[in-house]
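Working notes, beginning with the structure itself.
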Amino acid sequence: MLILDRLRQSFAAALDKAVQHFIDQGSADSASSTNDFAGLSQQDLESYAAMVRPTADPRFGDYQANCAMPLAKILGRAPRDIATALVHYLDVADMCDDVQIAGPGFINLRLKSQFLGDQIALMLKDDRLGVPLTTSPRTIVVDYSSPNVAKPMHVGHIRSTVIGDALARTFRFMGHHVITDNHLGDWGTQFGMVIYGFKHFGDEAALTSCPVDELSRLYRLVNRIIEYHTAASEIESARTAVADTARMAEAAQDAIAAAKEPKEKKSLEKSHASISKKHAAAIEKRDKLELIVTSSADDATFMHLAAQHPDIADAVLNETARLHEGDADNLALWKRFLPYCRDEIDRIYQRLDVSFDHTLGESFYHEMLGKVVEDLRSAGLASDSEGAVCVFLPDFDAPMIVRKRDGAFLYATTDLATLFYRRQHFAADEILYVVDSRQSEHFEKLFAVARRIGFEDIQLVHVNFGTVLGADGRPFKTRSGSSVGLESLLDEAVSRAMAVVCDPERSARLDPPMDDFEKRQIASVVGHGAIKYADLSHHRTSDYKFDLQKMVSMDGNTSTYIQYAYARVSGIMQKGGTELQQIARFSNAPLLDDPSERALAMTLLKFGESLAQVRAEYAPNFLVDYLYETARAYAVFNENCPVLKASDDQTTRSRLVLVATTARVLRQGLELLGIQVVARM
RNA sequence: GCGCCCGUAGCUCAAUUGGAUAGAGCGUCGGCCUCCGAAGCCGAAGGUUGUGGGUUCAAAUCCCGCCGGGCGUACCA
């Protein structure tokens, strides 16, 4: 059991007794006691016991209990009296050598060094590093990554992929039955685009020799033509909008000048600000369209193509519709293209070391959609509205549309079908959707419908995440407005790592020297790790600025820092000529005389706590923070405590235990994040 | 208009969900390689947690009002 959980258990017992003590006292002395408090329920007990937590500051010890203050109110006693009683009934003598009451009634606990040492020895001998398997395993479906295939993956896909993968690995390690499922977008308009593209601009030879490049070319070309026509048709109204908002802003300005009462003025100023904002947005939109139109005008070849395909957007939708209806030609093309698309994304997954138990894309559910809509209808939930089939929900303005006017289904329909499938085939207790925050309303509706059709027993969670921003604080895009390709970023990160690995000053120290294979291996592990770590180190719900320079700088709080700590640890063990397993098997509890030894041991023992945090909030950044803290504690230890050059053998053996445990925690922790390590770098 | 999210050090971000004197990294300034890896370590400066109220033993965290930003909002996903 985790130390924290043991302490909480001890406190739960002490709480029970202490509360009883005060109740008894109250009834015997009814004059001074006004409370008719009957005692704590099991749930209360647990919630008060949960107020035991690691201290924020080492001056207060290792753990602190904060439950005396809130109890004071309920029991009608001074918080310090409660704390005193708690300490009296608390039985932690085997773990703690010091229990103190401080401030308004904090109970500070300091663990015995002997106890910490014993725990480290146990941890090192344990395959699971002292992390217990969960006592309540659940079947958890993790739905993540889910890119649209047939178009290149871009930075927008990295968060879902990396966060989902880390959660799946972590929960699996904790003992849950995790099923990962990549809900691929393999049935949408992008295939209509590629099909249309192939029929009109396709190059059979190119498709045979480099299918992925050809498909990507077709997608981009069709997309560009569509964007061009859209821009050309909208630009006039965009210009008008700029002029209109400018006039409105002017009028609003005049109104402010004319206003007499301050109150009126204030409200007018507010509306002026709102109009100004609209004006700015209108300008931005116009400029964007202007850019598309003018930059295309210079490209004669492109303009020729665009002119030949004026109705391309409708035609693409038509191709998509025909695919969905089972048109033989389109279906044959789809079947031909899909494997290439899969190969393409699989190559990226391989680079990222990400894999899935299932890849059930939208196409997989296609034939179930009609039934989903009919079932909703017969259950009285769905009804016709403006030609579409809709589910109206009390808490939402807009309905959830499950079938369009033209008969086509939507992603809401697919998501419902997926839900049925996962219940039936996966027996899920919990389904996690690792998807962008911007889709939260969709999931709120989806979950609301799910509750109405009998999914109350499955915990549905939208594991939302924020947007990846560029240096300007706007969603990360290239200057031309297109998304930044994921693969080029990975390449860049790896090549920067390679430059550091190949630094002659650094490699000169290594014996034996590195060959090219090892250098490439290290650059790959460091480069890919840098990208993942940067993403995982932010809380998932916050937006963050994507700064490649910072990620691969190899300084400060980066994956490199932790990988480097691991490499140093490995270096010591290798130099010592002692196999890690041997150290684990033959060593006793380490002595923790130096403060940095004790601090390192304390940190190592909190590994399981960090995983519990990840689990509670579906947030891998807690594990990242923990690993950084661990690597830091190791660095301090490493600075202060020679291992192989310690004054005596006993100290060397003792410290080797800490070194070996550090190695395992860092490696295991990074592995749960999907990040690899190397023995030297 | 309505709804959701966010304002924390010069910059990028944390803060175990209400706990003690708000922490890291980058950047700046100053120290440390005859000693197991300097991709490292130590120190300094830097804050009225956007703002004004409220709730209580205790607020960056919860509630209300402002100010500023982002996103979503009936047939794309």
Side-chain angles (χ1 to χ4, degrees), chain A residues 4 51 53-57 59-60 64 66 69-70 72-73 79 102-106 108 146 148 185 188-190 273-274 362 385-390 396-406 408-412 414-415 435-442 444 464 466-467 469 473-475 500-501 503 506 509-510 526 537-539 541-545 547 549-550 553-558 560-561 563-565 567-568 570-576 606 609-610 612-613 616-617 621-622 624-626 628-629 632 635-636 638-646 652 655 659 680-681:
Chain A
L4 180 57
M51 290 181 187
R53 55 188 54 181
T55 52
D57 190 320
R59 282 184 296 121
F60 304 132
Q64 66 182 72
N66 303 334
M69 286 82 80
K73 179 148 293 178
F106 295 108
N108 294 334
S146 309
N148 278 332
T189 314
Q190 79 276 20
S274 137
E362 291 174 330
S385 172
E386 298 177 28
V389 183
C390 302
F396 299 91
D397 293 337
M400 173 188 242
I401 300 175
V402 291
R403 183 161 205 168
K404 300 201 300 190
R405 196 167 20 222
D406 66 6
F409 301 104
L410 295 104
Y411 77 141
T414 312
D415 279 349
V435 181
D436 199 297
S437 292
R438 284 173 285 198
Q439 291 188 42
S440 46
E441 199 172 332
H442 163 69
E444 282 169 25
N464 62 319
T467 310
L469 306 172
R474 319 220 32 176
V500 178
V501 171
D503 182 343
R506 203 180 311 285
R509 276 198 296 255
L510 291 171
V526 171
S537 63
H538 298 96
H539 189 94
T541 56
S542 48
D543 298 344
Y544 77 93
K545 287 194 182 171
D547 184 345
Q549 182 70 46
K550 190 168 122 186
S553 70
M554 323 276 156
D555 286 322
N557 188 354
T558 61
T560 312
Y561 180 86
Q563 288 166 325
Y564 179 68
R568 294 169 90 183
S570 302
I572 289 179
M573 291 202 293
Q574 207 175 24
K575 200 157 285 183
K606 286 182 183 166
E609 286 177 29
S610 74
Q613 282 180 275
E617 298 192 38
N621 67 303
F622 291 107
V624 172
D625 287 350
Y626 168 78
Y628 182 70
E629 196 185 320
R632 234 187 120 66
V636 175
N638 190 62
E639 207 72 22
N640 297 320
C641 301
V643 179
L644 303 176
K645 296 180 181 174
T652 294
R655 288 178 178 168
V659 169
R680 57 180 194 161
M681 55 193 275

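Computed from a predicted structure; not experimentally measured.
- Distances shown here put a side-chain N or O of Lys73(A) below 4.0 Å from the OP1 or OP2 atom of C57(B).
- Remark: Arg438(A) is not in phosphate contact with A77(B), judged by side-chain N or O atoms under 4.0 Å from OP1 or OP2.
- Separation of the C1' atoms belonging to C2(B) and C13(B) is 32 Å when rounded to the nearest angstrom.
- For G40(B) and C35(B), the C1' atoms lie 14 Å apart once the distance is rounded to whole Å.
- Not a single donor-acceptor contact under 3.5 angstrom links the side-chain atoms of Arg53(A) to the base of U17(B).
- The phosphate of C42(B) has OP1 or OP2 within less than 4.0 Å of a side-chain N or O from Arg632(A).
- Atom-to-atom, CG of Leu469(A) to P of C11(B) comes out at 16 Å; the value is rounded to the nearest Å.
- For Ser542(A) and G70(B), the shortest distance from a side-chain N or O to OP1 or OP2 is not below 4.0 Å.
- Between His442(A) and U73(B) there is no side-chain polar atom (N or O) within less than 4.0 angstrom of OP1 or OP2.
- When the side-chain nitrogen and oxygen atoms of Lys575(A) are compared with OP1 and OP2 of G37(B), one or more of them lie within a distance under 4.0 Å.
- Surrounding CG of Asp397(A) are at most 12 heavy atoms belonging to other residues, nucleotides or ligands under 6.0 Å away.
- Under 3.5 Å, the side chain of Glu609(A) and the base of U16(B) form no donor-acceptor pair of N or O atoms.
- With a 3.5 Å ceiling on both atom-pair distances, the Watson-Crick or G-U wobble partner of C41(B) is G31(B).
- A gap of 7 Å separates the C1' atoms of G19(B) and A58(B), to the nearest Å.
- Note on Asp547(A) versus Lys545(A): no salt bridge recorded, every NZ/NE/NH1/NH2 to OD/OE distance being 4.0 Å or above.
- The partner of A14(B) is absent, by the rule that a Watson-Crick or G-U pair needs both atom distances under 3.5 Å.
- Each of Ile572(A) and Asp543(A) was matched to the nucleotide of RNA chain B holding its nearest heavy atom; the match closer to the 5' end belongs to Asp543(A).
- Here, U49(B) and A15(B) have their C1' atoms 11 Å apart, quoted to the whole Å.
- Look at U17(B): its glycosidic torsion is within 90° of 0, and that puts it in the syn range.
- Between C41(B) and Tyr561(A), a contact under 4.0 Å exists linking OP1 or OP2 to a side-chain N or O.
- Judged by distance alone with a 3.5 Å cut-off, a donor-acceptor contact links the side chain of Asn108(A) to the base of A20(B).
- Residue Lys645(A) places no side-chain N or O under 4.0 Å from the OP1 or OP2 atom of C35(B).
- With a cut-off of 3.5 Å on both Watson-Crick or G-U wobble distances, the partner of C62(B) is given as G54(B).
- Here Tyr411(A) does not reach the OP1 or OP2 of A77(B): none of its side-chain N or O atoms lies under 4.0 Å away.
- Taking atom C1' in both G69(B) and U51(B), one finds a spacing of 15 Å when rounded to whole Å.
- Between Asn621(A) and A15(B), a side-chain N or O to OP1/OP2 separation shorter than 4.0 Å is present.
- The phosphate of A38(B) has neither OP1 nor OP2 within less than 4.0 Å of any side-chain N or O from Arg506(A).
- Remark: G72(B) base-pairs with C2(B). Criterion, Watson-Crick or G-U wobble with two distances under 3.5 Å.
- Taking atom P in both U55(B) and U28(B), the straight-line distance is 47 Å, to the nearest Å.
- Sequence order on RNA chain B of the closest nucleotides to Ala56(A) and Val636(A) puts Ala56(A) first from the 5' end.
- Glycosidic conformation of C11(B) is anti; the angle lies outside 90° of 0.
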